[in-house]
Amino acid sequence: MPADLAEKTDRYEGLLAEAVDAAEIAPPEGTPMHDAALECAEMAASYLEDGRHFREEDDPVNALASFSYGHAWLDAGARIGLFDVPTDGHLFTQ
């Protein structure tokens with residue numbers, strides 16, 4: 001059975017919003033890695049905003065894509081040490 005687009009879009013929006021709140025910048029201020037973390041966090045927040053805009057415009061496919069891309073920025077950043085993230089739960093890959 002195919003996934004329901006509306007349900008999946010809701011779920012991914014929630015996951016990204018939680019992940020944006022949970023990710024804490026790890027590298028010390030004044031370092032290039034800190035700057036990179038800020039950029040990744042900004043990209044994730046921008047994709048969350050974009051996805052919400054697409055939902056308002058009744059464009060669930062692009063909303064889902066935006067939420068997915070935003071989460072990917074955070075997940076990749078967490079993997080390379082840009083963010084401190086919860087190690088338990090469902091927000092980030094381990």
Side-chain angles (χ1 to χ4, degrees):
M1 171 182 274
D4 177 62
L5 181 59
E7 182 279 326
K8 194 168 195 173
T9 304
D10 288 343
R11 186 165 30 101
Y12 277 57
E13 179 183 7
L15 286 171
L16 177 54
E18 283 184 68
V20 164
D21 288 341
E24 296 180 10
I25 293 177
E29 286 187 42
T31 64
M33 293 297 280
H34 184 269
D35 294 343
L38 289 174
E39 289 180 28
C40 286
E42 181 180 350
M43 290 299 293
S46 293
Y47 273 115
L48 178 59
E49 185 179 318
D50 290 349
R52 288 175 172 165
H53 170 77
F54 286 128
R55 288 191 86 172
E56 289 173 7
E57 297 296 315
D58 197 28
D59 186 353
V61 172
N62 281 317
L64 179 58
S66 292
F67 298 143
S68 297
Y69 290 145
H71 200 277
W73 277 94
L74 292 178
D75 217 19
R79 288 281 216 154
I80 63 171
L82 296 179
F83 302 110
D84 288 327
V85 298
T87 56
D88 58 337
H90 62 283
L91 292 179
F92 297 94
T93 59
Q94 302 302 315

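With a 4.5 Å cut-off on side-chain heavy atoms, L16 and L74 count as touching. Counting heavy atoms from C-beta outward, F67 and K8 have side chains that stay 4.5 Å or more apart. Considering only heavy atoms from C-beta on, L82 comes within 4.5 Å of P27 through its side chain. Counting only heavy atoms from C-beta outward, the side chains of R55 and D10 approach each other to under 4.5 Å.
For T9 against A63, the heavy-atom pair with the smallest separation is CG2-CB, 4.0 Å. Contact record, R52 with A17: NH2-CB, 3.8 Å, taken as the closest heavy-atom pair. For the pair Y12 and S68, the tightest heavy-atom approach, listed with the atom from each and the gap, is CD2-OG, 3.4 Å. Nearest heavy atoms, I25 versus A37: CG2-CB, 3.7 Å. Here the shortest heavy-atom pairing between A41 and F83 reads N-CZ, 3.8 Å.
Linking ILVMFWY side-chain heavy atoms closer than 4.5 Å, directly or via other members, places W73 and F54 in two distinct hydrophobic clusters. Hydrophobic clustering (side-chain heavy atoms under 4.5 Å, transitive across Ile, Leu, Val, Met, Phe, Trp, Tyr) groups V20 together with I80.
Distance check, rounded to the nearest 0.5 Å: CG of L91 to NE2 of H71 gives 5.5 Å. Annotation: the span from C40 atom SG to M33 atom CE amounts to 9.0 Å, rounded to 0.5 Å. Between the OG atom in S66 and the CD atom in E49 there is a gap of 10.5 Å [rounded to 0.5 Å]. Distance check, rounded to the nearest 0.5 Å: CG of L48 to OH of Y69 gives 16.0 Å.
The number of heavy-atom neighbours closer than 6.0 Å to CD of E29, taken from other residues, nucleotides and ligands shown, is 12 or below.
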